[in-house]
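Below is one structure, written out as structure tokens; the observations come after it.
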Number of protein chains: 2
Amino acid sequence: MATGRTHRPATRSRGIPEATVARLPLYLRALTALSERSVPTVSSEELASAAGVNSAKLRKDFSYLGSYGTRGVGYDVEYLVYQISRELGLTQDWPVVIVGIGNLGAALANYGGFASRGFRVAALIDADPAQAGKMVAGLPIRHTDELEAIIEDNQVSIGVIATPAGAAQEVCDRLVAAGVTSILNFAPTVLSVPDGVDVRKVDLSIELQILAFHEQRKAGEDLGGAVAPTSLPKAAVDRSERPGPDGDVPVVMPA
Amino acid sequence: MATGRTHRPATRSRGIPEATVARLPLYLRALTALSERSVPTVSSEELASAAGVNSAKLRKDFSYLGSYGTRGVGYDVEYLVYQISRELGLTQDWPVVIVGIGNLGAALANYGGFASRGFRVAALIDADPAQAGKMVAGLPIRHTDELEAIIEDNQVSIGVIATPAGAAQEVCDRLVAAGVTSILNFAPTVLSVPDGVDVRKVDLSIELQILAFHEQRKAGEDLGGAVAPTSLPKAAVDRSERPGPDGDVPVVMPA
DNA sequence: CCTTGTGAATCGTTTCACAGCA
DNA sequence: TGCTGTGAAACGATTCACAAGG
């Protein structure tokens with residue numbers, strides 16, 4: 001979910017629900033695969049199962065875009081690909097910059113999924129002068145000093161932050177000051193941004209922690225009961241038991 | 001959200017809402033930072049703002065865990081760190097394997113956030129024989145042939161898939177057959193898994209597409225109207241207009 | 001007859017607002 | 001007095017079930 005308090009609460013016109021927007025890329029991927037196999041039409045049932053959702057949800061989602069199906073038949077694949085692409089804004093070109101070219105930044109730079117949608121990596125930026133000039137994914141790494149100029153020259157409105165947590169807020173501030181209004185943040189920090197700027201967060205360690213929660217539950221069920229003594233009296237907890245957490249996350253990469 | 005149809009619908013005992021579970025790691029991070037600065041207590045207001053949520057939500061979330069605060073005062077930082085860690089299952093050790101050691105897999109292997117929570121990278125696995133034996137993040141890359149043995153020897157229940165999309169389902173099947181019951185999937189595919197296996201998905205390109213949607217909206221608003229002719233008659237769309245999408249995503253890395 | 005599109009019912013989450021307690 | 005804990009209200013998303021329409 002976007003972190004910054006954004007998203008017009010009023011405006012009330014073509015309101016596509018957030019949950020629906022988040023699924024459109026999923027449908028698009030499934031449709032693209034069908035399109036490659038030259039499948040002309042799909043039913044909501046088929047497409048839903050390819051996208052990993054149920055058909056009622058899919059139909060409701062599509063109903064927000066308009067009436068693009070044919071009753072008794074299904075949806076025209078090419079037509080839907082086009083409609084969803086347009087709705088998502090992928091029929092235009094989006095230059096993005098990636099800041100922080102460690103392993104993660106490099107992985108992102110090499111990621112084919114960007115180019116094949118409307119995204120074009122306009123520049124790779126890193127704070128380490130020693131990295132400057134090195135080629136990654138066919139692009140030279142440029143130094144942070146050039147950040148503002150790069151944003152302006154390329155009309156970049158989307159920035160990807162793949163720096164260590166400590167650097168993220170400063171990078172974010174500079175991106176925003178230079179005109180970026182959407183940020184994809186891989187650093188494990190809460191970024192604060194002015195109104196009108198969207199932040200989305202991808203946090204590897206959080207995803208694992210959620211898995212661990214469910215995993216623990218499963219283990220508990222195998223034994224047929226609650227896993228841990230869930231409610232021991234507060235006084236019983238020895239403060240030194242967990243000896244004061246072990247230094248938080250040097251984070252993703254030396255950037 | 002988890003993709004596989006999982007999550008016990010019945011059981012009905014200590015039901016912590018999914019939305020709450022997903023925020024616990026966030027609180028934990030904020031609390032850990034406070035703990036390092038030796039802050040003894042926080043109010044819901046302070047902690048909420050550090051975690052980027054509002055205080056009512058945070059209090060409701062904590063109320064599912066129990067009554068861990070003190071009215072008029074706030075929450076004991078160390079105590080809460082411990083309670084949340086335990087609830088998330090982070091007081092135990094979780095061995096994980098990472099399959100697919102391209103740039104992304106390497107970034108994950110180097111990611112400090114794993115070790116500092118209860119996660120231990122038990123092995124790195126790649127299908128490329130030429131990679132086998134190379135050291136990444138202090139661990140040797142091992143060949144896919146060894147996958148089953150590694151899982152068993154290390155009692156691994158959590159697997160991370162960072163392979164190209166084409167390989168993901170097969171890797172997933174092998175992981176599950178070998179006993180893995182939680183999967184974090186970075187490949188842009190819908191994985192199908194048997195009941196009882198949890199899948200969480202991180203998709204870089206989807207996040208960007210969601211940003212593009214909102215970005216487009218902003219651009220449209222600047223001009224004070226709808227961006228695109230949102231509803232043109234179906235017949236008007238020339239099928240050859242978007243010439244059949246350009247090959248989906250070679251994906252993350254040559255793995 | 002088949003599949004879409006959608007009101008209405010349901011479910012889960014968030015927010016409000018205040019009683020309860022240190 | 002101040003902040004937690006929580007019922008109750010509001011909101012949003014999902015699912016149901018069926019009428020509409022090719």
Side-chain angles (χ1 to χ4, degrees), chain A residues 1-3 5 7-12 15-24 26-27 31 39-77 79-80 83 210 231 233-235, chain B residues 1-3 5 7-12 15-24 26-27 31 39-77 79-80 83 210 231 233-235:
Chain A
M1 207 138 290
T3 301
R5 210 53 271 105
H7 300 307
R8 46 226 58 76
T11 311
R12 273 292 75 215
I16 300 179
E18 261 307 300
T20 296
V21 172
R23 280 187 296 267
L24 291 181
L26 232 62
Y27 302 143
L31 285 163
V39 176
T41 58
V42 255
S43 68
S44 61
E45 198 69 59
E46 293 165 326
L47 182 55
S49 105
V53 303
N54 74 50
S55 63
K57 188 146 57 183
L58 178 142
R59 286 200 303 278
K60 187 44 66 103
D61 284 343
F62 286 178
S63 79
Y64 295 115
L65 309 183
S67 278
Y68 292 160
T70 309
R71 290 166 206 245
V73 179
Y75 300 92
D76 181 293
V77 171
Y79 181 66
L80 249 194
Q83 289 301 336
I210 297 171
S231 179
K234 219 178 285 193
Chain B
M1 206 138 292
T3 302
R5 211 47 278 100
H7 299 309
R8 47 224 60 76
T11 309
R12 274 291 76 215
I16 300 179
E18 263 306 300
T20 296
V21 172
R23 281 187 296 267
L24 291 180
L26 232 63
Y27 302 142
L31 284 163
V39 176
T41 58
V42 255
S43 68
S44 61
E45 199 67 62
E46 294 164 327
L47 183 54
S49 105
V53 303
N54 74 50
S55 63
K57 188 147 56 182
L58 178 142
R59 286 200 304 277
K60 199 15 87 94
D61 284 343
F62 285 179
S63 80
Y64 295 115
L65 309 183
S67 277
Y68 292 160
T70 307
R71 290 166 206 244
V73 179
Y75 301 91
D76 180 294
V77 171
Y79 182 66
L80 248 194
Q83 288 301 336
I210 297 171
S231 181
K234 218 178 287 195

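Just so it is clear, the model here is predicted, and its values are computed rather than measured.
Distance check, rounded to the nearest 0.5 Å: CG of B:L58 to CZ of B:R23 gives 9.0 Å. Atoms CD and CG, from A:Q83 and A:D76 in turn, are 10.5 Å apart once rounded to the nearest 0.5 Å.
A:S43 is linked by a side-chain hydrogen bond (donor to acceptor under 3.5 Å, both in side chains) to A:E46, counting only residues two or more places apart in sequence or in another chain. Every ring pair (Phe, Tyr, Trp, His ring centres under 6.0 Å) that B:F62 has, sequence neighbours left out, goes to B:Y27, B:Y75. Scanning for side chain to side chain contact (heavy atoms under 4.5 Å, CB included) contacts around A:P17 gives A:T20, A:Y64, with sequence neighbours left out. With sequence neighbours excluded, the residues that form a side chain to side chain contact (heavy atoms under 4.5 Å, CB included) with B:S55 are B:S44, B:E45, B:A48, B:R59.
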Protein N or O to nucleotides 9-13 of chain C N or O, pairs below 3.5 Å:
from, atom 1, to, atom 2, distance (Å)
C:dT13, OP1, B:A19, N, 3.4

Detail all sub-3.5 Å separations between protein N/O atoms and N/O atoms belonging to nucleotides 18-20 of chain D.
from, atom 1, to, atom 2, distance (Å)
D:dA20, N3, A:R71, NH1, 2.6

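For the pair A:D61 CG and D:dA13 C1', the interatomic distance rounds to 10 Å; values are reported in whole Å. Note: NZ (A:K60) to P (C:dG7) measures 7 Å, nearest angstrom. Rounding to whole angstrom units, CD1 of residue A:I16 and C1' of D:dT14 are separated by 18 Å. Taking atom OH on A:Y68 and atom P on C:dT6, their separation rounds to 12 Å, with Å as the unit.
Residue B:T70 places none of its side-chain N or O atoms closer than 4.0 Å to OP1 or OP2 of C:dA22. Distances shorter than 4.0 Å separate some side-chain N or O of A:N54 from OP1 or OP2 on D:dT15. Note on B:S44: a side-chain N or O is less than 4.0 Å away from OP1 or OP2 of D:dT4.
You'll find the side chain of A:D61 stays beyond 4.5 Å of the side chain of A:V53, heavy atoms only. Residues A:T70 and A:T41 are not in side-chain contact: their nearest non-hydrogen atoms beyond the backbone lie 4.5 Å or more apart.
Nearest-nucleotide mapping onto DNA chain C: of A:G72 and A:A56, the residue sitting toward the 5' end is A:G72.
Of all the heavy atoms in B:Y68 and B:L65, the pair that sits closest is OH-O, 3.2 Å.
If you check D:dA8, C:dG7, D:dG5 against the side chain of B:Y75, the one that comes closest is D:dG5. Of the candidates C:dG5, D:dG7, C:dT4, the closest approach to any side-chain atom of A:S63 belongs to C:dG5.
As judged by a 4.0 angstrom heavy-atom cut-off over every strand, B:F62 is placed among residues making no nucleic acid contact.
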